[in-house]
Chemist: 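Quick one: the structure is below, and I'll ask about it shortly.
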Amino acid sequence: NMSKYYELSEDTIKSFVDMYKKKSFFTEIKFDFIGCESQKSLIKITKIPDNYAMKLGKDLQVSINEDLFLKFDDESIDILYEQELDKVSINLDNGKIKMLKPDVNTFSSLISKYGFDKVSRANQVEVLSSGSDNPLEN
């Protein structure tokens, strides 16, 4: 599968970094950023395997589809970024980083912050915009 990767714009990276800074992680996470035009979701964070992490000096890869970025309003982008960041878990004892599956707590903290409608809308827009034909036009 020929997925197209590209450099993200400074603005896109900054929008993510701003949200990351609002979350208080007790250790600094080093991110590698990449654009991916075939990605179905706005943002995906993945753990970089340890051997590459060491060479790159990065912990996690943040993959963003900038085409989708342009279709979202700022608040939906914040919600989707934060939702993805909530999956990042750091072990207090050894500083190891891992990605968790989202659970009820993840969503309830987002919902108490933004409200259910906005959270579900952000996630719906993501589903809608990844489809080939726009269901809103029919």
Chemist: side-chain contact (heavy atoms from CB on, under 4.5 Å), that's the test. Do F72 and I79 meet it? Break it down for me.
Modeler: CA-CA 11 Å; F72 286 94; I79 290 170; over 6 Å; no
Chemist: Going from CD on E84 to OG1 on T46, what distance comes out if it is rounded to the nearest 0.5 angstrom?
Modeler: 9.0 Å
Chemist: Once you round to the nearest 0.5 Å, how far does CG of L68 lie from OG of S41?
Modeler: 8.0 Å
Chemist: Measure the spacing between CZ of F16 and CZ of F69 and express it to the nearest 0.5 Å.
Modeler: 12.0 Å
Chemist: So does K96 get a backbone contact from the side chain of N91, meaning a donor-acceptor N/O pair under 3.5 Å?
Modeler: no
Chemist: Should F33 and V17 count as side-chain neighbours, where that means a heavy-atom distance under 4.5 Å?
Modeler: yes
Chemist: Should F31 and Y20 count as side-chain neighbours, where that means a heavy-atom distance under 4.5 Å?
Modeler: yes
Chemist: Tell me, with the steps shown, if L42 and Q83 meet side-chain contact (heavy atoms from CB on, under 4.5 Å).
Modeler: CA-CA 11 Å; L42 172 71; Q83 187 168 280; over 6 Å; no
Chemist: Side-chain contact, heavy-atom cut-off 4.5 Å: Y6 with E66?
Modeler: yes
Chemist: Identify the two heavy atoms, one from D86 and one from S109, that lie closest to each other, and give their separation to 0.1 Å.
Modeler: OD2-OG, 3.9 Å
Chemist: Applying side-chain hydrogen bond (donor to acceptor under 3.5 Å, both in side chains), name anything that partners D18, two or more places apart in sequence or on another chain.
Modeler: K14
Chemist: Just by distance, do the side chain of E37 and the backbone of K4 share a donor-acceptor pair under 3.5 Å?
Modeler: no
Chemist: Tell me if the NZ atom of K118 is crowded by more than 12 foreign heavy atoms within 6.0 Å.
Modeler: no
Chemist: In Å, rounded to the nearest 0.5 Å, how long is the span from CZ of F107 to OG of S120?
Modeler: 11.0 Å
Chemist: Taking atom NZ as the centre, does K98 end up with more than 12 heavy-atom neighbours from other residues, nucleotides or ligands that are less than 6.0 angstrom away?
Modeler: no
Chemist: With rounding to the nearest 0.5 angstrom, report the OG to CG distance, S15 to D78.
Modeler: 8.0 Å
Chemist: Does the side chain of S9 pick up a donor-acceptor pair with the side chain of T12 at under 3.5 Å?
Modeler: yes
Chemist: Going from CG on L100 to NZ on K87, what distance comes out if it is rounded to the nearest 0.5 angstrom?
Modeler: 10.0 Å
Chemist: Same hydrophobic cluster for F116 and L80, using side-chain heavy-atom links shorter than 4.5 Å among ILVMFWY?
Modeler: yes
Chemist: Restricting to side-chain hydrogen bond (donor to acceptor under 3.5 Å, both in side chains), what partner residues turn up for Q61, sequence neighbours left out?
Modeler: D32
Chemist: If we only count heavy atoms from C-beta on, is the S63 to I34 side-chain gap below 4.5 Å?
Modeler: yes
Chemist: If we only count heavy atoms from C-beta on, is the L85 to F25 side-chain gap below 4.5 Å?
Modeler: yes
Chemist: Under a 4.5 Å cut-off applied to non-hydrogen side-chain atoms, are I48 and D59 in contact?
Modeler: no
Chemist: With side chains defined as the heavy atoms from C-beta onward, is the minimum distance between M99 and I45 less than 4.5 Å?
Modeler: yes
Chemist: Transitively linked via ILVMFWY side-chain contacts under 4.5 Å: I90 with L92?
Modeler: yes
Chemist: Salt bridge or not between R121 and D73? Use side-chain N to carboxylate O under 4.0 Å.
Modeler: yes
Chemist: Would you indicate whether the side-chain heavy atoms of I29 and I97 approach each other to under 4.5 Å?
Modeler: yes
Chemist: Is it true that a side-chain atom of N65 and a backbone atom of Q39 form a donor plus acceptor pair closer than 3.5 Å?
Modeler: yes
Chemist: Would you please test K113 and E82 for salt bridge (Lys or Arg N to Asp or Glu O under 4.0 Å) and show each step?
Modeler: CA-CA 11 Å; K113 184 171 174 179; E82 188 164 355; 3.1 Å; yes
